[in-house]
Structure formats: structure tokens, C-alpha cells
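Only one structure is covered here, and it is reproduced in the block below.
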Amino acid sequence: QALLNIESVSKSYTGKAKALEGVSLTIERGQFVSIIGSSGAGKSTLLRCINRLIDPTSGRVEFDGKEVTKLGKRELRQIRRRISMVFQHYNLVYRSTAIENVLQGRLGYKSSIAGILGLYTEDEKAQAFGILDQLGLAEFAYRRCDQLSGGQKQRVGIARALVQDPLLILADEPIASLDPKSSRAIMEHLRWAADDLGIACLVNLHQVDYAIEFSDRIIGLKDGKLVFDGTPAELDAKA
Ligand code: ADP
Ligand code: ADP
């Protein structure tokens, strides 16, 4: 059974042309898939339809055997725990330390009282530190995030995504604000999450070269329509 099944998903924002039109795709566990397309192609809308940050106008999304498009609030919250997001602008709490940002990811939606009060067990702290260490951030764990470089911030973003023990990471333009060296490091960390941790990654990119180098599969979106779905080699052969 596939991890994620998207069937004929369309999305219209009010008073606008369709942002997505009849998009279907399937993603296996541990697969690394890039979505490429120009600005406005619908990449971000597609990612947000998966965890229902926005509701598709029509179509079905199935994740880990459950139909996401039909879930109530409570079940949706459970599904979202297994789907982490990584953002272009990191979305960190900048006056908090790296490890505090990661710990907040662990508690999911900042809903628990321990999370609100910032009370964590030694085990939780050790786990969060361990993940930062794996991403090469041990010496920055207790540094405030506003003192980190862009690449370091994004590594914190990935650590926060990983601590949730996700089955799927949705990364929306994770390297669009980074220099080439940091971009490469971030792509390598995501690739590692797929290969070594078995976490499927769905990554929005507008740089085709990174998609070709790092993905198992590439999806091309244009004007809300899926115009390509194949391996990097197949994309190369088309160009
Ligand atoms: P991409 O991520 O590929 O840049 P988006 O999914 O952000 O594409 O946008 C697809 C289309 O939907 C664009 O035409 C954009 O202007 C429109 N759009 C995106 N978000 C909204 C919104 N919240 N309200 C209205 N239109 C939107
Ligand atoms: P880059 O390496 O891409 O320049 P920055 O670290 O400068 O990344 O920041 C990228 C984005 O993160 C900015 O658009 C800004 O809104 C936000 N940001 C960065 N630092 C802070 C901060 N200390 N407080 C609030 N937002 C911040």
C-alpha cells in the first residue's frame, strides 16, 4: 500500500483560475520526490492540500490508509503528527534556542500544557539534542535562532520536522533562500532522512538541477496541471 495517494485533486481560490487541476500521484514509503515548476504553478497549494492546511475543492487524498479529505478535527490532528513541514522561511521562534524549537516540534501543536510551559523531560531533551547533533548542530543547540545563519536555521527546521517521527516530510521551497553550499547540505539531510530513516520526502523546488541530483522521482507542475511524472533520467532525456 502506497503511503500517499492523491487522486484528481483540484483547487480553486475564490474568484481565481484553478490553482490545481486534476492532479493525481502516488508516493511510496521512504521515497524522495521533488515537485518542480515556476512560481504560481501550484506547488505550494498541492503540499497544503495533503495535510489540509487548505481544503481541496475536489478530489481525494489518502495518507497511510486514511482518507485525509474526510477526517474530522481529532483524526486530522493525529494524521498531521506523522506529516512534518519544512518552510522556505524556516518559521522558527527566533528568540528561542535551537533545542527549544526542536522540542516544540516534538509536542506537535503546542497544545499540551508541558509544551506551553516549556517543561520537558531529560529524555525529550536528550532526543532533541541527538537530532541536532546528527544534523551537525551540537554546538548551536543552545544558541538563539536569530543568531544562526540561514542554512543553520533550516537545519533546525529539519530537526524540528524529524523529532515528530514523521512518515512524510513536506518541504515547501526549503532551499529557495539559501546559498549553494547550504542548499546542498539541506538536500543531503533530506535525502538522508529518506534513505536512512525511511521518511518519504515531498520537496517543492524551482531549481531543476537539485531535483535531478537528489530525487527518486520528479513531478512537473505547470498552471496547476501535472505535466511530468518520472525519474531524473527520464526528465533529462526529455530536455
Ligand atoms: P507555487 O507554490 O508553485 O508558487 P502556489 O500554489 O503558491 O504556486 O499558487 C498557485 C496559484 O494559486 C497562483 O496563481 C497563486 O496566485 C494562487 N494562490 C495561492 N494561494 C492563494 C490564496 N491564498 N488566495 C488566492 N490565490 C492563491
Ligand atoms: P537568509 O539566509 O535566507 O537571508 P535569514 O536568516 O536572513 O535567511 O531570514 C530569512 C527570513 O526569516 C526573513 O525573511 C525573516 O522574515 C525571517 N527572520 C530571520 N531572522 C529573524 C528574526 N530574528 N526574527 C524574526 N524573523 C526573522
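Residue numbers count from 1 along this sequence.
In this structure, the side chain of D216 engages the main chain of F32 through a donor-acceptor pair within 3.5 Å. Side-chain atoms of R80 come within 3.5 Å of backbone atoms of N51 as a donor-acceptor pair (strictly under, hydrogens ignored). Proximity of a side-chain donor or acceptor of E124 to a complementary backbone N or O of T121 within less than 3.5 Å is detected. Looking only at distances, no side-chain donor or acceptor of E75 sits under 3.5 Å from a matching main-chain atom of K66. Between the side chain of K222 and the backbone N or O of A41, no donor-acceptor pair lies under 3.5 Å. E100 places a side-chain N or O within 3.5 Å of a backbone atom of T97 that can act as its donor or acceptor partner. Not one N or O on the side chain of S215 forms a donor-acceptor pair closer than 3.5 Å with the backbone of I218. A distance-only check finds a donor-acceptor pair linking the side chain of T69 to the backbone of V61 [under 3.5 Å]. Side-chain atoms of Q152 come within 3.5 Å of backbone atoms of S149 as a donor-acceptor pair (strictly under, hydrogens ignored). Side chain of R52 to backbone of L71: a donor-acceptor contact under 3.5 angstrom is found.
Counting non-hydrogen atoms of other residues, nucleotides and ligands closer than 6.0 Å to CG of D223 gives a total of 12 or fewer.
Closest heavy-atom contact between G30 and A194: O-CB, 3.6 Å. In plain terms, the two heavy atoms of L178 and S183 that are nearest each other are O-OG, 3.4 Å. The shortest heavy-atom contact between A200 and I27 is CB-CG2, 4.2 Å. For I36 against A211, the heavy-atom pair with the smallest separation is CG2-CB, 3.7 Å. Across every non-hydrogen atom of V102 and A159, the tightest pair is CG2-CB, 3.7 Å.
Looking at D179 and R184, no side-chain N of the basic residue comes within less than 4.0 Å of a carboxylate O on the acidic one, giving no salt bridge. A salt bridge links E62 with R60: the distance from a Lys NZ or Arg NE/NH1/NH2 to an Asp or Glu carboxylate oxygen falls below 4.0 Å. Between E122 and K125, at least one side-chain nitrogen of the basic residue sits less than 4.0 Å from a carboxylate oxygen of the acidic one, meeting the salt-bridge criterion. For the pair D172 and K43, the salt-bridge criterion is not met [side-chain N within less than 4.0 Å of a carboxylate O]. Using a 4.0 Å cut-off between a side-chain N of Lys or Arg and a carboxylate O of Asp or Glu, R95 and D146 do not qualify as a salt bridge.
Here the straight-line distance linking atom CG of N204 with atom CG of L47 works out to 4.0 Å at 0.5 Å rounding. Of the inter-residue distances, the one linking I219 atom CD1 with S34 atom OG reads 9.5 Å to the nearest 0.5 angstrom. Separation of atoms OH (Y94) and CG (N101) is listed at 8.5 Å; rounding is to 0.5 Å. To the nearest 0.5 angstrom, M187 atom CE is 5.5 Å from F214 atom CZ. Taking CZ from R82 and CG from L3, the interatomic distance works out to 9.5 Å, rounded to the nearest 0.5 Å.
At a cut-off of 3.5 Å, with distance as the only test, a side-chain donor of Q31 or R217 sits close to an acceptor on the other residue.
Between H189 and W192, the ring planes lie perpendicular to each other; the angle is over 60°, past the 30° to 60° tilted range.
Linking ILVMFWY residues whenever their side-chain heavy atoms come closer than 4.5 Å, directly or via other members, leaves M85 and I54 in distinct clusters. Following chains of ILVMFWY side-chain contacts shorter than 4.5 Å, one cannot reach V227 starting from L46, and the two form parts of different hydrophobic clusters. Taking hydrophobic clusters as Ile, Leu, Val, Met, Phe, Trp and Tyr residues chained together by side-chain heavy-atom distances below 4.5 Å, V68 shares a cluster with L25. Cluster annotation: F228 and L205 are assigned to the same hydrophobic cluster (Ile/Leu/Val/Met/Phe/Trp/Tyr, side-chain heavy-atom contacts under 4.5 Å, transitive). Under the 4.5 Å side-chain heavy-atom criterion for grouping Ile, Leu, Val, Met, Phe, Trp and Tyr, I35 is connected to F87 within one hydrophobic cluster.
No option in L202, I83, I199 other than I199 meets the side chain to side chain contact (heavy atoms under 4.5 Å, CB included) test with I169.
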Pair up each side-chain donor or acceptor in residues 6-21 with any protein partner under 3.5 Å, not counting sequence neighbours, and list the distances.
| residue | atom | partner | partner atom | Å |
| --- | --- | --- | --- | --- |
| S10 | OG | G22 | N | 2.9 |
| K11 | NZ | D55 | O | 3.0 |
| Y13 | OH | T45 | OG1 | 2.8 |

With a 3.5 Å cut-off and sequence neighbours excluded, list the donor-acceptor pairs that the side chains of residues 134-143 form with protein atoms.
none

Start with the C-alpha gap between S84 and L162, add the side-chain angles, then the distance that decides, and say whether side chain to side chain contact (heavy atoms under 4.5 Å, CB included) holds. CA-CA 7 Å; S84 302; L162 291 176; over 6 Å; no
